[in-house]
Structures are given as C-alpha cells and as structure tokens.
Amino acid sequence: DQEPALVDLVNGVIEARDEGTIPEWSPVGESQSNGVVERPVRSTKDQVRTQRFALQRRIGRKIPAGHAAMTWLVQHAGDVITKYQVGHDGKTAFERIMGKPCHEDIIEFGETVHYRLGHDDVGDLDERWASGVWLGKRWKSSEHLIHTNGCVIKCSAISRIPLEDRWQGDVIESIVATPW
C-alpha cells in the first residue's frame, strides 16, 4: 500500500542499481492485487494462530499477542512453513533452496526439554543437562533455540521429558528474550 518504509526501500534499491528500474505499485487498499504476496502472509498468520492456540491449550492460559514468546512463535511458524509445507511442484521451499528435503526432527513450540550443556559450561563432575523451553531451530546450523534463565541459548542436543511435565505455563510466561 505504498507505505513510507516500503517506498524508501524501493527508492534505495533503484538508486543502488546500475540498470534502470521502474517501480510498480499496487493500488492503495487493494490487497487482492497482491495475491502472490498476500497468500504467504495468510499462511503464516494461520500457522501462528494454530500454534498459539495449541500452546494455550497445553498450558491452560492465554498468551497475549505482545508477549515475547510470540516473537519466537512467528519465527518458528515461518520455519515450519519453509521446511515442511509442500508446494505445487511437490517440493518445500527448503528443498528448492537447499536442493534436498529437510529431515530435521522438531517438537512442539513451547515444550519444556532437557538440553545438553556445552563443554565450556561444565566441569568433569558437573551436570551435563539442564531444562529450558524449546523455541525452535536456527536456520543455518539446525541448532535448537532454548529459553532458560531469561536468555536464549543455542544447543545441538535435546531430550524430551515425560509428557506430564512438558507444559509449564509459568515457564512460558517467564519468557522475556526476543530474537533481536
């Protein structure tokens, strides 16, 4: 809809290019004319809504749209769509980009897990595992993103805990870190 930030971005691209570039703007207020862009936006909203409802049901509490956990949930929803939603060509976006299908195991967003501490974090006689909330995976490294003690850490190994202990509303509500 020709928002100022988008206009500035387009103008910056035009200025940076050596070749001539002619911008094409959609009519203001006509989201239907942006069908190619609007469909993925709708899919992402649907995925976020579904996962939010699932988490709320698991913990028996509402998660406000402005809660820090929602920033991770939106990121995770995009990751799920990219890696697992099959397109008309029979491939996922991940497969089109990487040339191979994604074979990562994922678990439900917001689940409490045990994660393996890094070698620098423990001594020979210290614990090797700790608990945290699973927020998703990193795109490039496939590391797990875990919220613990007010921050988010990356780890390569997780272990699921018994079903009755996986969902903890207080722990979800305590999430304060965001991707940025």
Side-chain angles (χ1 to χ4, degrees), residues 5 37-87 92-98 100-180:
V37 174
E38 292 295 328
R39 180 63 191 129
V41 169
R42 188 169 12 133
S43 291
T44 303
K45 285 180 182 179
D46 291 347
Q47 185 68 234
V48 169
R49 185 172 31 270
T50 299
Q51 290 192 27
R52 179 181 176 212
F53 288 150
L55 180 58
Q56 289 177 154
R57 186 167 183 218
R58 293 278 198 190
I59 64 173
R61 300 178 190 188
K62 291 278 188 190
I63 300 169
H67 192 277
M70 291 299 296
T71 61
W72 296 100
L73 182 57
V74 170
Q75 183 174 308
H76 175 62
D79 197 45
V80 168
I81 290 169
T82 302
K83 291 178 178 175
Y84 302 105
Q85 185 175 16
V86 178
T92 65
F94 180 92
E95 193 171 353
R96 283 184 223 105
I97 293 166
M98 304 302 249
K100 61 182 180 179
C102 180
H103 294 295
E104 297 176 351
D105 289 332
I106 62 169
I107 60 172
E108 234 176 294
F109 180 86
E111 187 174 317
T112 299
V113 297
H114 292 308
Y115 65 94
R116 186 162 175 84
L117 297 169
H119 295 293
D120 298 336
D121 299 329
V122 295
D124 289 340
L125 301 177
D126 292 333
E127 295 178 63
R128 305 247 178 218
W129 296 82
S131 294
V133 176
W134 192 84
L135 300 175
K137 295 190 88 169
R138 290 190 68 213
W139 174 258
K140 293 182 179 181
S141 69
S142 295
E143 291 170 298
H144 300 274
L145 298 169
I146 308 293
H147 184 274
T148 183
N149 300 324
C151 63
V152 175
I153 58 128
K154 299 171 283 196
C155 70
S156 58
I158 63 167
S159 177
R160 296 180 92 176
I161 63 176
L163 186 60
E164 61 273 8
D165 298 328
R166 290 181 187 169
W167 308 103
Q168 302 174 26
D170 291 340
V171 177
I172 299 295
E173 287 179 349
S174 74
I175 294 173
V176 293
T178 61
W180 47 87

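Numbers here simply count residues along the sequence, with the first being 1. Because the structure is predicted, anything quoted here is derived from the model rather than measured.
Atoms OG1 and CE, on Thr82 and Met98 in that order, are 11.5 Å from each other to the nearest 0.5 Å. Taken to the nearest 0.5 Å, the CZ atom of Arg49 stands 8.0 Å off from the NZ atom of Lys45. Separation of atoms CD (Glu143) and OG (Ser156) is listed at 7.0 Å; rounding is to 0.5 Å. Between atom CD1 of residue Ile97 and atom NZ of residue Lys83 there is a gap of 10.5 Å, rounded to the nearest 0.5 Å. Between the CG atom of Leu135 and the CD atom of Glu111 there is a distance of 12.0 Å, given to the nearest 0.5 Å. Ile63 CD1 to Ile172 CD1: the interatomic distance, rounded to the nearest 0.5 Å, is 6.5 Å.
If you run side-chain contact (heavy atoms from CB on, under 4.5 Å) between Trp134 and each of Ile106, Leu145, Thr112, only Ile106 comes through.
A pairwise comparison of heavy atoms in Ile81 and Thr44 identifies CD1-CA, 3.6 Å as the closest pair. Annotation for His147 and Ser174: closest pair CE1-O, 3.8 Å, computed over non-hydrogen atoms. Taking every heavy atom of both residues into account, Ala177 and Gly150 meet most closely at CB-O, 3.9 Å. A pairwise comparison of heavy atoms in Arg96 and Gly87 identifies NH2-CA, 3.6 Å as the closest pair. When all heavy atoms are compared, the tightest approach of Arg160 to Ile107 is NE-CG2, 3.6 Å. Pairing each heavy atom of Ala77 with each of Gln47, the nearest pair is CB-CG, 3.5 Å.
Glu173 meets the side-chain contact (heavy atoms from CB on, under 4.5 Å) test with Arg61, Asp170; sequence neighbours excluded.
Contact annotation: the side chain of Cys155 never approaches that of Arg116 to less than 4.5 Å [non-hydrogen atoms, C-beta and beyond]. Phe109 is not listed as a side-chain neighbour of Val80, based on a closest heavy-atom distance of 4.5 Å or more. Inter-residue side-chain proximity for Val152 and Trp72 is flagged as met; some heavy-atom pair is nearer than 4.5 Å. Side-chain contact between Asp79 and Gln75: absent, with no pair of heavy atoms (C-beta onward) separated by less than 4.5 Å. Taking the side chain as every heavy atom from C-beta outward, Pro101 and Phe94 never approach each other to under 4.5 Å. Residues Ser43 and Gln85 meet the side-chain proximity criterion, which asks for heavy atoms closer than 4.5 Å.
Side-chain N or O atoms of Trp167 include none that pairs as donor or acceptor with a backbone N or O of Gly110 at under 3.5 Å. The main-chain N or O of Ile161 is found under 3.5 Å from a side-chain atom of Arg166 such that the two form a donor-acceptor pair.
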Just do the salt bridge (charged side-chain N to carboxylate O under 4.0 Å, His left out) check on Arg58 and Glu108 with the steps written out, would you? CA-CA 10 Å; Arg58 293 278 198 190; Glu108 234 176 294; 2.9 Å; yes
